[in-house]
Amino acid sequence: MIPDSLINLLRDAKRVAVLTGAGVSAESGVPTFRDAQTGLWAKYDPQDLATPQAFMANPELVWNWYAWRRDLAEQVSPNPGHYALAKMEQLVPEFATFTQNVDDLHDQAGSQNITRFHGNLFGVKCFDNHHMIDNWRELPGTPPTCPECGSWLRPDVVWFGEALPENVIDHAVQVVRAADVVFSIGTSSLVMPAAAVPVEAINAGIPVIEINPNATPISEHVALTLRGKSGEVLPALVEAVWGQ
Ligand code: NAD
């Protein structure tokens, strides 16, 4: 299943960079944006809820959707794919994880060098001034408000159309250009600017390995695609390369 060429490449690798997306958490029970939502939320397209415009139009709806996602994320645990990445970090001299995920499953699995592109589902800040808030009181009919400035509270995530935290993409591009191997795992490679990161590596001639059960726009351009679930492929990879 794991080609010898990849085993040898990874055994010699000093620097490995990984970009992960929602697919890495799918086997933990966190739905990806492209999976149908369930229950109450099935009729909404997540891409229509995860925007500042959606929040302004219906703050209570968006606040409640994130409260539901937070509750869901609190009940799940890392899967073997998250643990395999944490293990790889211990085995490779320089290992960097860049994630589009807003859950904390990489942290829970023990990964250390994590850069979050899209914020944190468990953080809350105010809409107007981005004051970070630890405790809030739920209000009927609207989101809670900021104790410092009175504006509505919202999740500390990056919505479609919003800027990423400063310098994260520049940092990722620098790291992937210096890497011996780059992985793109569980991401549709459609959401910019994160999707540009593996493309930078491809353009720099760095071998990019994609792990995904489905094809993506970068599949034709990567050095190798491992078609499968990250929770199955990643443990098999760690076992094949390092015997662990
Ligand atoms: P996406 O929903 O666009 O794509 C998910 C990708 O994962 C698809 O290509 C799919 O084929 C693949 N996939 C599904 N199951 C898989 C598995 N078991 N193993 C490996 N791959 C699998 O997700 P994206 O590319 O991360 O981008 C969408 C946005 O969704 C991001 O901005 C992200 O912040 C947000 N999001 C995050 C979470 C989370 O934090 N867990 C969940 C949903 C959405």
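Ligands are counted one by one from 1 in listed order, and the atoms in each one are counted from 1 as well. What you see is a predicted model; the values in this text were computed from it and never measured.
- Counting side-chain heavy-atom gaps under 4.5 Å among Ile, Leu, Val, Met, Phe, Trp and Tyr, the cluster of Val76 also holds Val30, Leu105.
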Intermediate values then yes/no, salt bridge (Lys or Arg N to Asp or Glu O under 4.0 Å), Asp156 and Lys125
CA-CA 6 Å; Asp156 182 27; Lys125 64 183 179 183; 3.5 Å; yes
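- Among the candidates Thr187, Thr115, Thr20, Asp107, the single residue satisfying the side-chain hydrogen bond (donor to acceptor under 3.5 Å, both in side chains) test with Thr99 is Thr20.
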Name the atoms and distances for all side-chain donor-acceptor pairs under 3.5 Å in residues 55-63, with sequence neighbours left out.
| from | atom 1 | to | atom 2 | distance (Å) |
| --- | --- | --- | --- | --- |
| Asn58 | OD1 | Leu61 | N | 3.3 |
| Trp63 | NE1 | Glu138 | OE1 | 3.1 |

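- Summarising the local packing, CG of Asn135 is surrounded by 12 or fewer heavy atoms from other residues, nucleotides or ligands at distances under 6.0 Å.
- For ligand 1, the protein residues placed under 4.0 Å by at least one non-hydrogen atom are Gly21, Ala22, Gly23, Ser25, Ala26, Glu27, Val30, Pro31, Thr32, Phe33, Arg34, Arg69, Gln100, Asn101, Val102, Asp103, His118, Gly186, Thr187, Ser188, Val191, Asn212, Pro213, Asn214, Lys229, Ser230.
- Sequence neighbours left out, the pairs with a member in residues 70-103 that pass ring-ring contact (aromatic ring centres under 6.0 Å, His included) are His82-His106, Phe98-Phe117, Phe98-His171.
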